[in-house]
Each structure stands twice: as C-alpha cells, then as structure tokens.
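For the numbers below, each heavy atom of this structure counts, side chains included, while hydrogens, waters and symmetry mates do not. A note on names: the letters A, B, ... follow the listed sequences, proteins ahead of strands, and every chain is numbered from 1.
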Protein chains: 2
Amino acid sequence: MEQQQIAAYLLKNGIRPLQKRVKIMSYLVSKRNHPTVDMIYNDLIHEISGLSKTTIYNVLNLFVESGVALALNIEGNEIRYDADTSVHGHFKCKVCSGVIDFRIKPEDLPNPGLQGFRIDEEHYYLKGVCAFCISKIEA
Amino acid sequence: MEQQQIAAYLLKNGIRPLQKRVKIMSYLVSKRNHPTVDMIYNDLIHEISGLSKTTIYNVLNLFVESGVALALNIEGNEIRYDADTSVHGHFKCKVCSGVIDFRIKPEDLPNPGLQGFRIDEEHYYLKGVCAFCISKIEA
DNA sequence: AATTAAATTTGTAATCATTACAAAAACATT
DNA sequence: AATGTTTTTGTAATGATTACAAATTTAATT
C-alpha cells in the first residue's frame, strides 16, 4: 500500500494523516511482523530523524482506540501491534519469539454463550514452537 | 477441595506441598477469581503473616511451569492466574475488570492449520462489557 | 509570507509489575 | 540436635508504559 492510500485509510477512520502516523502505519502494513514498540523504534529511527519512543506509544494507542490496529497481549511482558484488524489467530514461537497469523473463519470461533454480554474483541492465541525452529532443533 | 487434597494434587505434579504453596493453590481453586499477584497478596496477607509478594511470584511461576496453573495475558499490564487448566475461554469486562470463564469444547476451537508446528498452549480471550455492568449502565 | 491557535511530538521523570539476588528462615535427613 | 538443601524474604534492579510540560509542527487566517 502506498503512503497515499494509507493516508486516505487513516483519514477515513478519523485520524489526521500526519507524516509520522502514516510512516508508522505503513511500517505495520508492509512488515506484518507484529512488532513491539521497541522493534518499530529501532527500525524507523534510521528513516525518521528525531523520532521519539513516546510518539510511537501515542500513535499506536490512537490507532488501537480508532480501530485501525490491534494490541496483542500474547505474553505478559510486551504488547505487539497488528494493522490487520480482521478476525484471525496468532501463534507465538517460544524459541524465535516470532508471531505469525493464521486464518480462521469468524464463524468457526466457538460460541461463548454469554447471554447479555457485549463482546468487543476476540483474541485467539497459540503458543509453542514453529516448524522452522523445530527443524533447526532436529538438525 | 481440602488442604489435604490440594497437597496431594501438588505432590502428584512434582511440587512439594509446602504450607504457602498449598494456601496459594487453595486460594486459586476456591476463589476462581483469576487474580493478579496483588489480589492474592492483599487477600492472603491477613491469613498468612509475613507473606512476601516475591513468594507469590515464585510460587505462581512454579505452578505455571509445573502445569497446575495458567498465566492469562488478557491485558498487557497484568498477568492473571487460573488453577483450571482445562480448555476454556476467558472474558474480561472493561467496566468492572472482572474475568470470567466460559466453557468451550476443545474440538470446537478452530483448526489453525499450522503444519509442522508444536502447539503447547491455546488461549481464547474475549473483551467487552459483562451483562451485570450493562444492566447497571442502562439503569 | 507572516500570524496565530490548536494539535502533536519530544524528552525526562514517574509509575507499575516483575525479576534478580543474597541473606534469613524453614525443611528434611541423619 | 546437626547438617545440608530448599524456600522465603526484602530490597534493589529492570523494563515497559505513562504523565506531563515544553518545544515543535500543523493548518487556517490575515
């Protein structure tokens, strides 16, 4: 997605498409790496001079509140961010710490049967060891 | 469950059933409140004199490693603990911060289709507003 | 292009949960 | 009771996140 499209997408969701916001969203969309704030900072600091970690926190919180990003709490000591807000699952590898998506159909999620509850978010997380790390261990 | 049964359960899982461990497990099992370390500390400090928060952290980490408790990472800023290690889902209310269980059949969880992966843990989290808080808001 | 008011970003300090670590205490075995 | 091991404790360290006020940028107006 181009910066123009990203800007339009942010605007459509009530977010003024300022430069740093566009760059951060662009990073999320293109990398698809479920980054932590630190990962974003370390990657973008070369590209955006004078970028502050606080700004990344501010922008990501805005994205989550506006519904254009998800905050993933797979592990208690870190929040990861995902620009894909459609229903899908996440797997985190204990060895390489990587997080990958897997597709699930919304209708395949089990019915919680919570009468009278309002459900805003659904998160399906798996943890284990990814195929790549298993092959490395066996080798 | 009685202290005796708890002690036997811990022993069966390779955990020496020391007094504080039994009391902490007993708390988890009887309260079923998905507590944070702070909640456990504030409740048990009256009952166990000289209890340290570090001990609670130590014991809970041991429980999780030994497979007799789950660490829930529903929200990024807190870890909650659950002595029910069977497959089930969790709902967290944004208003009252309460966490409740809901039953799901293991076979109803969607197939992630992750070929060659080893899956150790499955977590299904929902967030929203519980029926009780909705009724209070409407009233 | 200069002015201005509002929104955003920055950097530092504060906060909060968790962990590290070494000393003290409890435990189990002889 | 004595001894060696395990556990607990308390304080300090860590690390992620937030608070906040000053500096900067933005967008609209003159």
Side-chain angles (χ1 to χ4, degrees), chain A residues 3 6-7 10-11 13-27 34-66 68-81 92 97 99, chain B residues 3 6-7 10-11 13-27 34-66 68-81 92 97 99:
Chain A
Q3 309 256 311
I6 303 248
L10 293 180
L11 203 51
N13 285 276
I15 299 167
R16 288 169 65 193
L18 305 178
Q19 298 179 10
K20 293 179 185 181
R21 292 173 175 177
V22 172
K23 290 231 168 125
I24 291 171
M25 177 53 79
S26 184
Y27 176 90
H34 310 87
T36 61
V37 165
D38 257 48
M39 289 163 72
I40 300 173
Y41 180 78
N42 291 325
D43 285 347
L44 288 186
I45 188 65
H46 309 293
E47 185 176 332
I48 310 173
S49 68
L51 176 66
S52 159
K53 224 176 259 192
T54 304
T55 300
I56 302 176
Y57 279 106
N58 288 341
V59 169
L60 290 174
N61 285 342
L62 175 67
F63 284 175
V64 172
E65 284 157 27
S66 306
V68 297
L70 297 178
L72 309 180
N73 302 120
I74 308 181
E75 220 89 74
N77 56 342
E78 63 176 22
I79 304 179
R80 284 166 174 266
Y81 294 90
K92 177 163 182 181
S97 300
V99 174
Chain B
Q3 309 255 312
I6 303 249
L10 292 180
L11 203 53
N13 285 276
I15 299 167
R16 288 169 66 193
L18 305 178
Q19 299 178 9
K20 292 180 185 179
R21 292 172 176 178
V22 173
K23 290 229 168 130
I24 291 170
M25 177 53 79
S26 184
Y27 176 90
H34 309 88
T36 61
V37 164
D38 257 47
M39 289 163 73
I40 299 173
Y41 180 78
N42 290 326
D43 285 348
L44 288 186
I45 187 64
H46 306 112
E47 185 175 332
I48 310 174
S49 69
L51 176 67
S52 157
K53 224 176 258 191
T54 305
T55 299
I56 302 175
Y57 279 105
N58 288 341
V59 169
L60 290 174
N61 285 342
L62 175 66
F63 284 176
V64 172
E65 284 158 26
S66 306
V68 296
L70 298 177
L72 309 180
N73 302 120
I74 310 181
E75 221 89 74
N77 55 343
E78 63 176 22
I79 304 181
R80 285 166 175 265
Y81 295 89
K92 177 162 180 181
S97 301
V99 173

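Note: CZ (A/R21) to P (D/dT25) measures 15 Å, nearest angstrom. Note: CD1 (B/I15) to P (C/dC27) measures 17 Å, nearest angstrom. Atom CD in B/E75 sits roughly 14 Å away from atom C1' in C/dA17 (whole-Å rounding). Rounded to whole angstrom, the span from the CD1 atom of B/I45 across to the P atom of D/dT8 amounts to 14 Å. What separates CZ of B/R16 from C1' of D/dT8 is a distance of 12 Å, to the nearest Å. Taking atom CG of A/N73 as the reference point, atom C1' of C/dA17 lies 14 Å away to the nearest angstrom. A straight line from NZ of B/K23 to C1' of C/dA26 spans 15 Å, rounded to a whole angstrom. In this structure, B/I79 places its CD1 atom 16 Å from P of D/dG15, rounding to the nearest Å.
Taking every heavy atom of both residues into account, B/S97 and B/K92 meet most closely at O-CE, 3.8 Å. Nearest heavy atoms, B/V99 versus B/H34: O-ND1, 3.1 Å.
When each of D/dT9, D/dA27, C/dA28 is scored by its nearest atom to the side-chain atoms of B/K20, the top-ranked nucleotide is D/dT9.
Scanning residues 52-63 of chain B for heavy-atom distances under 4.0 Å to DNA chain C yields B/T54, B/Y57, B/N61.
A distance of 12.0 Å separates OG in B/S49 from CG in B/L44, rounded to the nearest 0.5 Å. Atom CD1 of A/I24 is separated from atom CG of A/L51 by 6.0 Å, given to the nearest 0.5 angstrom. Separating the CD1 atom in A/I15 from the CZ atom in A/R21 is a distance of 7.0 Å, to the nearest 0.5 Å.
No donor-acceptor pair closer than 3.5 Å links the side chain of B/S66 to the backbone N or O of B/V68.
If you run side-chain contact (heavy atoms from CB on, under 4.5 Å) between A/V37 and each of A/I79, A/I56, A/V59, only A/I56 comes through.
Residue order along DNA chain C, read from the 5' end via each residue's closest nucleotide, puts A/S49 first among A/S49 and B/T36.
Using a 4.0 Å heavy-atom criterion, one finds that A/G50 contacts the sugar-phosphate atoms exclusively.
Using a 4.0 Å cut-off, no side-chain N or O of B/Q19 falls inside it from OP1 or OP2 of D/dT8.
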